[in-house]
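Atoms within each ligand, like the ligands themselves, are counted from 1 in listed order. Values below: every heavy atom of this structure, side chains too, minus hydrogens, waters and symmetry copies. It should be emphasised that the depicted structure is a prediction, and the values quoted were computed from it without experimental measurement.
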Amino acid sequence: MEESALRKLYDPEIFRRQGHDLIDHLADSLKASLNAEDLIKVTNGVNPQDEYEFWMSNSYFDVDQFFRTITERSIKLHHLRFMGHQVSPPAPLSVLASLQGAFLNNGMALFEMGPAASALERMVVEKFRSYFGFHQGTGVMTSGGTIANLTALICARNVKAKGVLWNEGQTENYAFMVSDEAHYCIDRAVKIMVWGDRGLIRIPVDDQFRMRTDLLEENLIKAQQKGVIVLGVIGSAPSTSSGIYDDLDAIGSFCSEHHLWYHIDAAHGGPAAFSEKFKYLMSGSQKANSITVDAHKMMMTPALTTMLLFRDDEDSFRTFAQKAQYLWNESEEEWFNYGKRTLECTKVMLSIRVWVLIQTYGIDIFEKYLDACYQLGRTFADMIRKESCLELPVSPDSNIVCFRVRAANNLLSDNINRQIRNKVYQEGKFYIVQTTLNGNVYLRVSLMNPFTTTNDLKSLIHSIKIIYENLTTEQNELFN
Ligand SMILES: *Cc1c(COP(=O)(O)O)cnc(C)c1O
């Protein structure tokens, strides 16, 4: 009995049949998501408790049915009207590479446990580095931008604090400087390093949501007066919430002048460097010591797939000085045992997800994708400008666009925009999110689908206006 269940579990023919069925089902789902004529909902707009109860009460189990129900009850990232968070609609070919990676399960900490994926990881990094102005340098792939940023900051600490911390622990107070609008994972990384609140010096942004680089110098001096050693500055490309790129060149010059580590968190917008039209947004990247780029955002791979690039080859080996004797004999620098250079030990075969796209469609497929999405951001902003009841806090740099319904005052606006966003979610025809800028609530879209049309954008604006009208009528009725 035991044995036959195990045999079945690994039966190649069962795998073949279930696999074919699953791919058929996913292809159908893709077709439905991309078909503007026959729009299915993006999301069921369900609340957490109801979803939990659905699964709790679901006692019948059938594999094919299970896969279908999971799709039905998941948010559809390939949908033309998915405009929420910055996760890409993964390219089917890259999904297949992920499936192969899952099957082969090569762990990658050691070259021997992932020869093909290790060689390709080096080639992926070498393929992209020149777009950022790095002529040598290498890097690592990580499961997500959060880990890549943490890795980069640990590396910066080891290099700039001369490597004593790793073995001897903290003796001084250190800090990084970052824009007020930076992603929360930077704060988290600093807290993980136990630098506390003073470990992160937040530089205010200007009215365009860019870091006020004119304030870097005085903040550096202030820190020194307090006995805090600033090790580096982090630029956002772009900041997640506003979608606006910092002035990367100005930050770079400041860092060079003061011998500080320069990290660019380009998790979302690094691939602008691959675009003739939008590479100006990344100009100054050649001054960085390290750059984080998420492929699962603007490079169409499944999550999580991230590249962490280093300008100087040797820096890429300096993050983790610790030795694991049973894994390797000497700690000499070698490119192929990736476990030495990343937080992860066992790691997913990330490189094949990117490599298969480069080789099949050419490297300019990334430029085409980015151009289409960033152009949609500009188109949408133009449409917002024409609506008297809507406003933009800033012209978008990227495919992230913030906007809001303008009410009589900020308090009322916050309240109304919050309600609109909830209503849009519950209706499930679009998926958008909300954010806070300058203390005020804004609606926010990330236009991740290159096939989203102006008609989809028009419909979104139309839906929002209707919800707004209904809200105001309801409120008037309440007060009268
Ligand atoms: C998405 C994002 C992150 C976090 O990356 P994950 O891949 O989700 O871990 C960090 N910084 C910025 C600017 C981001 O856009």
Any idea which of His183, His85, Met298 brings a heavy atom closest to atom 4 (C) of ligand 1?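 Selected option, by shortest heavy-atom distance: His183.
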Find all atoms of ligand 1 within a distance of less than 4.0 Å from any non-hydrogen atom belonging to [X], and give their numbers and elements.
{"X": "Cys185", "answer": "10 (C)"}
{"X": "Thr240", "answer": "12 (C), 13 (C), 14 (C), 15 (O)"}
{"X": "His296", "answer": "7 (O)"}
{"X": "Gln86", "answer": "15 (O)"}
{"X": "Pro238", "answer": "13 (C)"}
{"X": "Asp294", "answer": "1 (C), 5 (O), 6 (P), 7 (O)"}

Suppose we measure from [atom] to each protein heavy atom; which comes out shortest, and what is that distance?
{"atom": "atom 9 (O) of ligand 1", "answer": "Thr146 OG1, 2.7 Å"}
{"atom": "atom 3 (C) of ligand 1", "answer": "Lys297 NZ, 3.3 Å"}
{"atom": "atom 11 (N) of ligand 1", "answer": "Asp265 OD2, 2.6 Å"}

Do Asp371 and Lys368 sit within salt-bridge range, that is, some charged N less than 4.0 Å from a carboxylate O?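 No salt bridge links Asp371 with Lys368.
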Is any NZ, NE, NH1 or NH2 atom of the basic residue among Lys347 and Glu121 found under 4.0 Å from an Asp or Glu carboxylate oxygen of the other?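 Salt bridge flag = yes for Glu121 with Lys347.
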Using a heavy-atom cut-off of under 4.0 Å, does the side chain or the backbone of Asn149 touch ligand 1, or both, or neither?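 Just the side chain.
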Part of Ala182 within contact of ligand 1 (heavy atoms, under 4.0 Å):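 Under 4.0 Å from ligand 1, Ala182 contributes no heavy atoms.
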[Y] six-ring face occupied by [X] cation (under 6.0 Å, within 45°):
{"X": "Lys277", "Y": "Tyr374", "value": "no"}
{"X": "Arg210", "Y": "Tyr245", "value": "no"}
{"X": "Arg73", "Y": "Phe54", "value": "yes"}

Taking only non-hydrogen atoms of Ser236, do any sit less than 4.0 angstrom from ligand 1?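 The answer is no, since Ser236 has no heavy atom less than 4.0 Å from ligand 1.
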Check the surroundings of atom CZ in Phe103: do more than 12 heavy atoms from other residues, nucleotides or ligands lie under 6.0 Å from it?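 Counting other residues, nucleotides and ligands, CZ of Phe103 stays at 12 neighbours or fewer.
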Do ligand 1 and Gly145 have nitrogen or oxygen atoms that lie under 3.5 Å from each other?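 Such a contact does occur with ligand 1.
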May I ask you to check whether Trp261 and Phe176 place their ring centres under 6.0 Å from each other?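 No, the ring centres sit 6.0 Å or more apart.
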Would you check if there is a donor-acceptor pair between the side chains of Ser446 and Asn399 at a distance under 3.5 Å?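 Their side chains do not contain a donor-acceptor pair, so the 3.5 Å distance test is not met.
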Between His268 and Ser398, do the side chains contain a donor N or O and an acceptor N or O under 3.5 Å apart?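 No donor-acceptor contact under 3.5 Å links the two side chains.
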